[in-house]
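Have a look at the structure below before the remarks.
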Number of protein chains: 2
Amino acid sequence: MLDAAIELILEYGTEKTTLAMIGEKAGYSRGLATYRFGSKAGLYDTLCKSIGRNWLEYLKRGVDGKIGVDAMCAALDTVYQWVTDSPEDARVLQILHCGSASPGSEFQETSIGIHRRQQSDVVEWVRAGQQHGQIRQDIDVTAVAAEYVAYTSGITYLWLISADTFNFDSANQAMKNYLRTTLSV
Amino acid sequence: MLDAAIELILEYGTEKTTLAMIGEKAGYSRGLATYRFGSKAGLYDTLCKSIGRNWLEYLKRGVDGKIGVDAMCAALDTVYQWVTDSPEDARVLQILHCGSASPGSEFQETSIGIHRRQQSDVVEWVRAGQQHGQIRQDIDVTAVAAEYVAYTSGITYLWLISADTFNFDSANQAMKNYLRTTLSV
DNA sequence: AAGATACTTGCTGTCAACAAGCAAGTGATT
DNA sequence: AATCACTTGCTTGTTGACAGCAAGTATCTT
């Protein structure tokens with residue numbers, strides 16, 4: 001059922017996809033999606049959690065215990081790898097994150113949680129880098145983390161809306177270059 | 001009518017706001033919004049263009065003929081100034097940009113256009129900075145511009161979804177620091 | 001007067017959401 | 001092993017809300 005939702009969202013967007021379409025595409029009746037997930041927002045929330053979980057696991061494997069600047073650069077590579085590797089999942093997650101920006105969105109909390117989690121991960125990486133003497137002591141850790149998360153959110157968004165004309169990898173190179181030069185001791 | 005739309009979008013979001021609500025809030029009948037703008041997407045497109053135009057003018061005034069790193073830093077300050085100065089407009093524009101991310105969105109072009117315009121502005125600033133010997137010759141101009149636009153998109157998005165816990169200004173400081181140290185000759 | 005402009009009202013098809021149903025189990029009781 | 005009580009998984013009927021359209025009415029213009 002969630003797979004059917006992914007395909008339909010990619011084709012028609014979240015608004016024009018109907019619960020009946022999702023149920024029927026998955027080989028069931030028009031009513032099942034509503035029955036299982038309670039509401040359209042409920043389905044999207046479940047989908048957001050599901051893909052979000054996959055993404056965080058994928059990220060974890062990509063970073064693999066690294067700390068400091070190494071972790072941040074590895075994470076950037078992992079984002080790029082994810083969007084080339086599982087573009088459908090990445091696109092849908094980004095679309096859902098965007099949708100949750102609207103006031104009254106019922107899965108806003110889920111989306112915010114994923115971002116907060118990512119930001120706190122970055123804070124940890126930077127702190128660990130400082131403790132290992134790899135990263136300068138005088139930087140504002142949360143500001144750098146916010147900046148970093150802003151960049152990754154923004155780049156994924158830009159990739160989503162203009163995948164064809166957008167060179168994800170070269171922007172990442174610029175960002176990695178920045179991280180190495182400004183954070184290292 | 002557009003003002004009414006802004007207020008309602010801020011309170012209920014784009015989906016739960018109805019055309020009838022907009023018309024009636026503006027002191028007209030339930031049908032006028034449809035009549036004037038053709039469709040809900042048409043209204044949001046008009047609104048996106050209207051606020052987008054304001055924003056680009058505001059930005060132009062803020063940058064005021066500066067070039068190179070100065071222009072980029074001034075633009076960052078201007079973004080911050082805008083979201084503190086006209087938070088309603090900024091929030092709604094961001095919400096609309098997010099909404100346009102979904103496939104089949106009928107004002108996607110408008111939204112992409114604003115981003116493209118911003119990116120080409122940045123490219124111009126950087127090139128001018130290079131010509132004036134202020135910015136290094138060996139940097140990848142479009143990559144830096146993409147990185148910069150990604151950052152501004154991302155930071156505005158994060159501000160939108162968590163304005164309370166988010167320190168916009170300090171992230172901007174980190175970004176400005178970065179621009180000065182890595183781009184200057 | 002005759003059209004144009006600005007707005008309203010009536011209507012239709014579509015959709016989310018809900019509720020009532022049904023069929024195929026599962027498991028306890030005698 | 002046969003019956004009964006109950007659950008699970010799914011379908012179908014229905015309702016209210018909304019977008020969009022078409023046919024109006026009123027006000028202004030010339």
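Reckoned from all heavy atoms, side chains included, excluding hydrogens, waters and symmetry mates. None of these values were measured; they are calculated from a predicted model. Order of the sequence lines fixes the chain letters, A, B, ..., with proteins taken first and strands second; residue numbering starts at 1 for each chain.
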[X]: which residues meet the salt bridge (charged side-chain N to carboxylate O under 4.0 Å, His left out) condition with it, sequence neighbours left out?
X: R136(B); answer: D138(B)
X: E106(A); answer: K16(B)
X: R117(A); answer: none
X: D164(B); answer: none

Subject >> Terminal contacting nucleotides, 5' and 3', DNA chain D versus chain A (heavy atom, 4.0 Å) >> reply: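 Taking any atom under 4.0 Å from a heavy atom of chain A, the span is dG9(D) to dT14(D).
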Considering residues at least two apart in sequence or located in another chain, which fulfil the side chain to side chain donor-acceptor pair (under 3.5 Å) criterion with [X]?
X: D45(A); answer: K49(A), T110(A)
X: Q173(B); answer: none
X: S100(B); answer: S111(B)
X: E7(B); answer: K25(B)

Donor-acceptor contacts under 3.5 Å from residues 50-65 of chain B side chains, at least two apart:
none

**OP:** Look only at the side chain of Y157(A) and the backbone of H97(B), and say whether a donor-acceptor pair between them is shorter than 3.5 Å.
**Re:**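 Between the backbone of H97(B) and the side chain of Y157(A) there is a qualifying donor-acceptor contact (under 3.5 Å).
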Original post:
Between residues 23-46 of chain A and DNA chain D, which residues have a heavy-atom gap below 4.0 Å?
Top reply: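 When residues 23-46 of chain A is checked for heavy atoms under 4.0 Å from DNA chain D, the hits, listed by number, are Y28(A), S29(A), R30(A), G31(A), L32(A), Y35(A), R36(A).
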**OP:** Taking only heavy atoms on the protein side, list every residue of residues 10-22 of chain A lying under 4.0 Å from any atom of DNA chain C, sorted numerically.
**Re:** T17(A), T18(A), L19(A)
